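Below: one structure, written as structure tokens.
Counting from 1, the numbers follow the sequence of the chain as shown. First listed ligand is number 1; within each ligand, the first listed atom is number 1. Since the model is a prediction, treat every value here as computed from it, not as a measurement.
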Amino acid sequence: MARINDHYLKLAAGYLFPEIGRRVRLFQGENPDAELIRLGIGDVVLPLSPAICDAMHRAIDELGTEEGFRGYGPEQGYPFLREAIAEHEFKRNGIHVDADEIFVSDGSKCDSGNIQEIFATAAKIAVPDPVYPVYVDTNVMAGRTGMPDAEGRYAGIHYLPCTEENGFLPKVPSEPVDLVYLCFPNNPTGTVASAAALKEWVDYARETGAVLLYDAAYEAFIAEEGIPHSIYEIPGAREVAIEFRSFSKKAGFTGVRCAYIVIPKELRGTDAKGQPVEIHGLWSRRHSTKFNGASYPVQAGAAAIYTPEGEAEVRSHIEYYMTNAKIIRDGLTQIGMETFGGVNAPYVWAKTPQGKSSWEFFDELLNKAQVVGTPGAGFGAHGEGYFRLSAFGKREQVEEAVTRIRDRMIG
Ligand SMILES: *Cc1c(COP(=O)(O)O)cnc(C)c1O
């Protein structure tokens, strides 16, 4: 029999969402008539906007013609999309990112999971706690960790606690690390980092040679002025940071699949002899070896969000979700729960009442209100005592969920 990759066996059993699914199925089995409202998994619910659908239809029709047919496209993405991204996401906001520094893909989960491959197995990694589980699990699979402890913390990973005391902003580590995963606006806490907070990270990386892996999947949800949308708004970040962006939450592409990664040409790592090596070239090699490009209709659909109609439609979807977030925040506040996030991100991070554990609160919410949320402990040890509610729901459902929580959860 073939030997397997033993590192996979270190992965903590009972990944968060399967465990939620198990408890929900159990509840439904016992309460077949209960009407559940799901505000757990971060998936969008509004249909694709007309500008995107039209562009995808046109692209498919083109492919069905002699002149318009296309086979394999460029692995890094079609120039029309890379140029539109560079112009609308960056240049227009005064940020320097060139089109050839953008690599289009089929999702940020893959990008943020794959990026570790081009760094040494010995690379020391730091992650916020709580955290989007992909950053951790992909490093476990790659053999950068030991076994997890009882709270799911892996030996060999440097965890950066994000607590109420530090405003859910990870502090720069006192020991040197090679790779730091950051995510703002944050999943799961819904909090954002100011330019001053990000500058500390950029300065740290410049001083120590660390590389920042900056996940900006929720950038489009930033509502307040003065909050950075990109790590490259911070001077000096081009030498030390990679940024991940996705159309999933911004434009409802969770099922369509399109994202991109930005790797500035100035960014360097070192080889075994300590000589500098361009990260851009390494990723380009990896991407074109293991990926054959996002599909043409999908990229045409993504480019449509940069038309005036597309932009307006995307904006209105985001406003819809952010109104949901406000309804959730206000509802929880009214019953005396303490909440964070939900202002510049589609997630509300709530403190569980009366010191309940996050799984206890999950079960109580499911049983009393038939609302499904996500227990904070599933995102890391410091998520214990917190609960995530997602604003990705239909308005009536969000309103109904808040009403039920208000009416049934007291006492
Ligand atoms: C949803 C999400 C993404 C986007 O993933 P896709 O694979 O592009 O759908 C990336 N990062 C975080 C933290 C997310 O929550």
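Taking every heavy atom of both residues into account, A381 and E151 meet most closely at CB-CB, 4.1 Å.
Under the 3.5 Å distance criterion, with hydrogens and angles disregarded, no donor-acceptor pair is assigned to the side chains of T138 and Q116. A donor and an acceptor atom, one from each side chain of E243 and S230, are located under 3.5 Å apart.
Against a heavy-atom cut-off of under 4.0 Å, A217 is close to the following atoms of ligand 1: 3 (C), 10 (C), 11 (N). Within ligand 1, the atoms closer than 4.0 Å to a non-hydrogen atom of G107 are 7 (O), 8 (O), numbered from 1 in the order shown. For ligand 1, the atoms lying closer than 4.0 Å to a non-hydrogen atom of K109 are 5 (O), 6 (P), 7 (O). Against a heavy-atom cut-off of under 4.0 Å, Y218 is close to the following atoms of ligand 1: 1 (C), 2 (C), 14 (C), 15 (O).
With a 6.0 Å radius and a threshold of 12 heavy atoms from other residues, nucleotides or ligands, R285 has its CZ atom at or below the threshold. More than 12 heavy atoms of other residues, nucleotides or ligands shown are found within 6.0 angstrom of NZ on K265.
Closest to atom 9 (O) of ligand 1, if we only count protein heavy atoms, is S248 OG, 2.5 Å. Of the protein's non-hydrogen atoms, the one nearest atom 3 (C) of ligand 1 is K249 NZ, 3.5 Å. For atom 11 (N) of ligand 1, the closest heavy atom belonging to the protein is D215 OD2, 2.7 Å.
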Could you pull out all donor-acceptor pairs under 3.5 Å where a side-chain atom in residues 34-50 meets a protein atom, sequence neighbours excluded?
from : atom 1 : to   : atom 2 : distance (Å)
D43  : OD1    : T254 : OG1    : 2.6
S49  : OG     : E313 : OE1    : 2.8

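For ligand 1, the polar-atom distance check finds an N/O of N187 within less than 3.5 Å of one of the ligand's N/O atoms.
Proximity of F253 to ligand 1, defined as any heavy-atom pair under 4.0 Å, is not found for any part of the residue. Counting heavy atoms under 4.0 Å from ligand 1, residue S108 touches it through both backbone and side chain.
Ring centroid separation for the pair F340 and F168 comes in under the 6.0 Å cut-off.
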